[in-house]
Protein chains: 2
Amino acid sequence: MKSAIPVTTIEIKTACSQCNLRELCLPFGLDPREVNQLDELVGSRRKIKRQQHLYRSGEAFEAIYAIRAGSFKTDVILEDGRDQVTGFQMTGEVLGLDGISSERHSCNAIALEDSEVCVIPFSRLEELSRQVESLQHQFHKIMSREIVRDHGVMMLLGSMRAEERLAAFLLNMSQRFTARGFSPSEFHLRMTRDEIGSYLGLKLETVSRAFSRFQEDGLVAVQQKHIRILDTPGLKKLLNHHAA
Amino acid sequence: MKSAIPVTTIEIKTACSQCNLRELCLPFGLDPREVNQLDELVGSRRKIKRQQHLYRSGEAFEAIYAIRAGSFKTDVILEDGRDQVTGFQMTGEVLGLDGISSERHSCNAIALEDSEVCVIPFSRLEELSRQVESLQHQFHKIMSREIVRDHGVMMLLGSMRAEERLAAFLLNMSQRFTARGFSPSEFHLRMTRDEIGSYLGLKLETVSRAFSRFQEDGLVAVQQKHIRILDTPGLKKLLNHHAA
DNA sequence: AAATCGTATTGATGTGGATCAAAGGGCTCC
DNA sequence: GGAGCCCTTTGATCCACATCAATACGATTT
């Protein structure tokens with residue numbers, strides 16, 4: 001299939017082997033030869049404009065997606081129109097795992113900003129992970145990590161107060177920005193108060209008030225979507241010092 | 001390790017190939033030869049008495065567990081003592097998937113009644129699923145199903161009112177009992193009101209009141225842990241007819 | 001630079017479920 | 001088979017967050 005002409009600069013730049021996200025993504029733990037095998041499998045990239053769907057609930061499942069650039073939210077919608085954001089995904093994270101069980105996507109994935117994903121045909125991923133043990137293991141870890149994350153959100157939704165939820169959210173974002181080489185204390189949120197609220201099981205006004213409260217208490221400096229964390233230990237204390 | 005004497009009746013009875021749960025469990029979709037390979041991998045069974053832990057958060061992860069008999073709950077506990085039930089598991093369901101990501105269990109699994117599980121050493125499962133495509137696929141489906149289930153719980157915790165949560169819970173239990181050949185409308189809950197409440201993000205008093213309300217409205221007949229569903233459509237209506 | 005629209009903040013009021021409290025019922029374990 | 005204890009139910013009160021409402025801000029368009 002591959003032509004004999006040399007690969008273009010762009011193709012090189014987008015290969016797993018050249019991708020600076022590989023420590024966070026599917027190639028983690030693979031040796032260079034194995035990463036090259038993965039490269040062949042990642043057929044195409046897809047650009048998704050802000051507010052566009054990467055996939056929709058009910059669509060046939062054929063591939064999972066690794067985020068190369070940008071960010072997404074996933075949500076589920078009930079018949080009566082209520083919806084709930086189930087997660088926010090950043091570069092290097094994998095989207096679409098929910099579709100494996102029924103061969104149909106069970107949520108919507110929507111770009112929070114202009115973004116790009118690597119398309120990983122799932123049957124070929126299963127095929128290759130039968131041959132490459134480290135890939136198989138990394139894939140299992142990624143799925144398991146999603147389960148653990150979900151349990152954390154269930155804890156948050158089931159037993160935390162509004163300010164604790166927002167503190168947990170901010171600390172989580174900080175940690176994920178840090179893992180991507182950005183500042184732990186200063187970042188730009190790509191989602192609205194309403195989307196944060198949906199994720200945290202709160203109304204947007206409650207999210208806004210909690211932000212204001214944190215600002216009053218000197219925990220963070222908030223300017224719309226731009227966040228500066230001033231007192232990380234203070235935020236952590238908010239989480240744990242709750243009388244049982 | 002195995003002695004040369006013929007396998008006992010009990011050992012035969014507990015093999016996957018003879019297990020009547022195989023349609024719900026890991027062997028689903030495997031041909032008889034493949035199920036035999038799985039049999040060899042399922043090293044041992046473990047009996048867990050009511051209230052005993054199958055595993056605890058923080059323990060090294062080595063195996064996943066398929067429930068042969070009985071039922072379990074899983075929970076996560078915060079430093080300050082707050083805890084949250086993240087799921088109830090019935091026969092044929094798999095426990096321990098949360099441990100893959102960090103090689104340590106991230107929650108506790110506790111038997112709700114005297115129970116028995118099949119121990120599936122994880123590294124051997126990965127090994128065999130590199131050889132047996134249908135096993136690999138079934139395992140991936142099981143993990144994905146857990147993710148989808150978790151998203152449903154997030155929806156429930158984030159956007160439903162108390163009675164809707166309980167209705168969703170009862171319908172889910174009914175469906176799972178049905179899948180196991182039991183009555184869809186009459187069953188015995190193994191967990192307390194407190195545990196249901198923890199799972200649903202409610203206090204036990206609220207769960208109790210919701211049960212009483214359902215009883216008044218003729219939706220269910222409740223006698224302690226014994227539940228008879230009288231009006232399934234009524235319960236379903238409660239879920240969907242919510243003004244957005 | 002003005003107009004528009006989505007997003008955010010802040011205030012006033014309402015309410016669903018939490019909390020506090022007490023009594024009754026049914027298991028479990030001697 | 002009885003004692004004790006945990007579990008459940010029900011009532012009264014409280015409070016955290018939702019809801020309703022108005023304004024302000026900022027980005028985008030023209």
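Every chain is numbered from 1, with letters handed out A, B, ... down the list of sequences.
Remark: the A/Ser159 side chain and the B/Gln84 side chain contain an N/O donor-acceptor pair separated by less than 3.5 Å. For the residue pair B/Gln89 / B/Thr74, a side-chain donor-acceptor distance below 3.5 Å is found, with atom types taken as modelled. No side-chain N or O of B/Asn240 forms a donor-acceptor pair with one of A/Asp80 less than 3.5 Å apart.
In this structure, B/Asp114 does not pair ionically with B/Arg50, as no charged nitrogen and carboxylate oxygen lie closer than 4.0 Å. Ion pairing of A/Arg145 with A/Glu93 is absent here, as no side-chain N (NZ or NE/NH1/NH2) approaches a carboxylate O to less than 4.0 Å.
Over its full length, the helix from C/dA1-D/dT30 to C/dC30-D/dG1 turns its helical axis through 60°, comparing axes from the five pairs at each end and rounding to 10°.
Nucleic acid contact class of A/Leu204 (heavy atoms, under 4.0 Å, all strands): base. Among the atoms of the strands shown, only primed sugar atoms or phosphate atoms (P, OP1, OP2) are found under 4.0 Å from some heavy atom of B/Gly201. When heavy atoms are screened at a 4.0 angstrom cut-off, B/Thr192 is found touching the sugar-phosphate backbone but no base atom.
At least one donor-acceptor pair closer than 3.5 Å links the side chain of B/Gln215 to the backbone N or O of B/Val222.
For DNA chain C, the contact window with chain B, defined by any atom under 4.0 Å from a protein heavy atom, covers C/dG16 to C/dG26 in 5' to 3' order. Taking a heavy-atom distance under 4.0 Å as the criterion, the stretch of DNA chain D touched by chain B extends 5' to 3' from D/dT8 to D/dA12.
Closest heavy-atom contact between B/Phe187 and B/Leu170: CZ-O, 4.0 Å.
B/His226 and B/His188 have tilted rings, their planes meeting at an angle from 30° to 60° on a 0 to 90° scale.
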Discussion item. side-chain contact (heavy atoms from CB on, under 4.5 Å) for B/Lys225 and B/Ile227? Distances and angles first, verdict last.
Written reply: CA-CA 6 Å; B/Lys225 289 178 165 143; B/Ile227 306 291; over 6 Å; no
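To the nearest 0.5 angstrom, B/Glu59 atom CD is 6.5 Å from B/His105 atom NE2.
Projected onto DNA chain D by closest heavy-atom contact, B/Gln223 and A/Arg165 fall at different nucleotides, the more 5' of which corresponds to B/Gln223. Looking at which nucleotide of DNA chain C each of B/Leu202 and A/Ser212 is closest to, the 5′-most match is held by A/Ser212. Residue B/Glu205 is the one, among B/Glu205 and A/Glu163, whose nearest nucleotide of DNA chain D lies closer to the 5' end (criterion: closest heavy atom).
Aromatic ring centroids of B/Phe88 and B/Phe72 lie 6.0 Å or more apart.
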